[in-house]
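Note that these values count all heavy atoms, side chains included, but never hydrogens, waters or copies made by symmetry. Bear in mind the structure is a predicted one, so any value in this text is a computation, not a measurement.
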Amino acid sequence: MKTLNFPRITTHVLQEMKLKGEKIAMLTAYDFSMAKIIDDSGIDIILVGDSAANVMAGHKTTLPITLNEMIYHASSVMRAVERALVVVDLPFGTYQGNSREALNSAIRIMKESNANAVKLEGGREIKDSVDRILSAGIPVMGHLGLTPQSINKFGTYVVRAREEEEAQRLKEDAKLLEEIGCFALVLEKIPAALAKEVTENIKIPTIGIGAGSGVDGQVLVIHDMLGINHDFSPRFLRRYHDLYVEMKGAVELYIKDVKSLDFPNEREQY
Ligand code: KIV
């Protein structure tokens, strides 16, 4: 179902959706063909996530993906999308600790891929980078809670902000990112009650992943929700298909048909 009356999703449309209580649906995409299917289905936001490092390139973490690789994925997605808002992750090492480098990275993404916005992981520690990118007129989505680019600091992918001190810091960071001008926030793998409290206390939309139902929208990695990837089964994931099994079955059938001379048949040749 497409969001009613919105032919093209903008950051203003997302704000209106929050005000009206209409939930926001977001999925990742990394290539032209998948982005076309997802956009034609009526998704509100497509995230060209640095999860491409995992599901497209087979890395164990999101850290190795480069800015050039993100631009390649983002421009492939942009060639397909007509309606969704496209947000692109700034990869690890291209914005932390140096706001000038952050701005240059964001400008490269916007110029070379034609995307609509960027996403950065973190709160107060990246404030200067977010400020500088926003001052260039580039919309920024924040990302708090489990921030996979910090996996070497966390040491594990378990739920974040269960303890009061970390929860308090997250609430303050959410307020800060709202105040400096982010248009939305991803809240990843935090207690549902905390995500709901944050959502009720800020005016910009929150998009949850493993953050319960009290947020303004949901995001999943497309390979996970389609069941292409069997290696990742967190509790928050709902699988809408088992494409691993379906695709493997199709490939096995093709191999059998080739080997048995069943393919190609009379009608499949010139
Ligand atoms: O890279 C990604 O796919 C993400 C989502 C999980 C929010 O950041």
Side-chain angles (χ1 to χ4, degrees), residues 11 14-28 44-45 47 49-51 54 61-62 85 87 89-90 92 95-96 117-127 129-131 134 139-221 224-225 232-239:
T11 56
L14 298 173
Q15 188 61 57
E16 231 179 286
M17 288 170 75
K18 172 157 180 145
L19 283 174
K20 288 185 178 157
E22 178 174 348
K23 296 289 180 187
I24 298 165
M26 168 163 149
L27 282 171
T28 65
D44 299 311
I45 308 176
L47 172 66
D50 59 358
S51 49
N54 308 119
T61 72
T62 57
L85 183 93
V87 182
D89 267 335
L90 282 192
F92 177 69
Y95 63 94
Q96 295 96 337
V118 295
K119 175 163 82 61
L120 282 70
E121 294 182 6
R124 64 200 75 181
E125 68 282 6
I126 56 155
K127 177 182 177 295
S129 295
V130 175
D131 264 337
L134 286 166
V140 175
M141 177 181 267
H143 184 155
L144 298 172
L146 177 65
T147 47
Q149 292 179 10
S150 301
I151 184 58
N152 290 310
K153 183 176 91 182
F154 296 149
T156 158
Y157 288 102
V158 296
V159 177
R160 303 304 312 176
R162 279 197 194 277
E163 306 300 327
E164 182 49 34
E165 197 182 323
E166 194 179 339
Q168 186 55 36
R169 188 181 165 95
L170 187 145
K171 286 188 257 184
E172 289 167 10
D173 281 345
K175 258 293 177 226
L176 174 78
L177 291 173
E178 175 195 29
E179 279 163 14
I180 64 178
C182 288
F183 73 89
L185 280 190
V186 166
L187 297 176
E188 180 164 355
K189 231 173 166 186
I190 60 171
L194 174 62
K196 185 167 184 289
E197 188 183 337
V198 169
T199 301
E200 287 169 354
N201 282 306
I202 59 175
K203 293 193 177 67
I204 56 174
T206 58
I207 314 287
I209 173 163
S213 59
V215 286
D216 298 308
Q218 299 291 333
V219 56
L220 286 175
V221 168
D224 299 338
M225 65 86 78
F232 184 65
S233 304
R235 170 172 162 172
F236 68 76
L237 174 63
R238 184 178 293 181
R239 279 214 182 100

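- For the atom pair CZ of R169 and CD of E164, the computed distance is 14.0 Å after rounding to the nearest 0.5 Å.
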Between E16 and K20, does a salt bridge (charged side-chain N to carboxylate O under 4.0 Å, His left out) hold up when you go through it step by step? CA-CA 6 Å; E16 231 179 286; K20 288 185 178 157; 3.3 Å; yes
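- For F183, the side chain to side chain contact (heavy atoms under 4.5 Å, CB included) partners two or more places apart in sequence, or in a different chain, are T11, L14, L85, V87, A117, P139, M141.
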F232 and N54: CA distance, side-chain angles, deciding distance, side chain to side chain contact (heavy atoms under 4.5 Å, CB included) verdict: CA-CA 11 Å; F232 184 65; N54 308 119; over 6 Å; no
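- The side-chain heavy atoms of R239 and D224, taken from C-beta on, include no pair separated by under 4.5 Å.
- Counting only heavy atoms from C-beta outward, the side chains of L144 and T147 never approach each other to under 4.5 Å.
- Qualifying salt bridge (charged side-chain N to carboxylate O under 4.0 Å, His left out) partners for K18, counting only residues two or more places apart in sequence or in other chains: D216.
- Within 6.0 Å of atom NZ in K196, 12 or fewer heavy atoms from other residues, nucleotides or ligands are found, so the atom counts as exposed in its surroundings.
- Take S51 and apply the side-chain hydrogen bond (donor to acceptor under 3.5 Å, both in side chains) test, not counting sequence neighbours, and it matches Y30.
- Among all heavy-atom pairs drawn from G212 and V215, the shortest one is O-CG2, 3.5 Å.
- In this structure, E165 has no salt bridge (charged side-chain N to carboxylate O under 4.0 Å, His left out) partners at least two apart in sequence or on a different chain.
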Audit row: L146, V159, side chain to side chain contact (heavy atoms under 4.5 Å, CB included) steps and yes/no: CA-CA 7 Å; L146 177 65; V159 177; over 6 Å; no
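- Sorted by first and then second residue, the side chain to side chain donor-acceptor pair (under 3.5 Å) pairs involving residues 151-161 (not counting sequence neighbours) are R160-E166.
- Remark: R124 pairs with E172, D173 by the side-chain hydrogen bond (donor to acceptor under 3.5 Å, both in side chains) rule, at least two apart or across chains.
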Given K171 and E178, is the salt bridge (charged side-chain N to carboxylate O under 4.0 Å, His left out) satisfied, shown in steps? CA-CA 11 Å; K171 286 188 257 184; E178 175 195 29; over 6 Å; no
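- Residues passing the side chain to side chain contact (heavy atoms under 4.5 Å, CB included) test with V219 are M26, I207, I209, sequence neighbours excluded.
- Note that CD1 of I180 is 5.5 Å distant from NZ of K127, once rounded to the nearest 0.5 Å.
- Taking the salt bridge (charged side-chain N to carboxylate O under 4.0 Å, His left out) definition, one finds that D50 meets it with nothing, sequence neighbours left out.
- Remark: S129 engages no residue in a side-chain hydrogen bond (donor to acceptor under 3.5 Å, both in side chains) (not counting sequence neighbours).
- Note that the CG atom of L90 and the CD atom of E121 stand 10.0 Å from one another [nearest 0.5 Å].
- For the side chain to side chain contact (heavy atoms under 4.5 Å, CB included) test, residues two or more places apart in sequence or in another chain that qualify with N201 are E197.
- Every residue meeting the side chain to side chain contact (heavy atoms under 4.5 Å, CB included) condition with Q15, not counting sequence neighbours, appears here in chain and number order: I204, P205.
- We find the CG-CG distance between L194 and L187 to be 7.5 Å, quoted to the nearest 0.5 Å.
- Q218 CD to T206 OG1: the interatomic distance, rounded to the nearest 0.5 Å, is 8.5 Å.
- In summary, the side chains of Q96 and Q149 do present a donor paired with an acceptor at a separation below 3.5 Å, with no hydrogens or angles considered.
- Taken to the nearest 0.5 Å, the CG atom of L120 stands 4.5 Å off from the CD1 atom of I126.
- Heavy atoms only, all atoms of each residue included: I190 and G145 are closest at CG2-CA, 3.6 Å.
- In this structure, E163 contributes its side chain and A161 its backbone to no donor-acceptor pair below 3.5 Å.
- Residues F92 and T61 form no side-chain contact, since every pair of their non-hydrogen atoms from C-beta on lies 4.5 Å or further apart.
- Every side-chain hydrogen bond (donor to acceptor under 3.5 Å, both in side chains) that E188 has, sequence neighbours left out, goes to H143.
- Inter-residue side-chain proximity for L185 and I202 is flagged as met; some heavy-atom pair is nearer than 4.5 Å.
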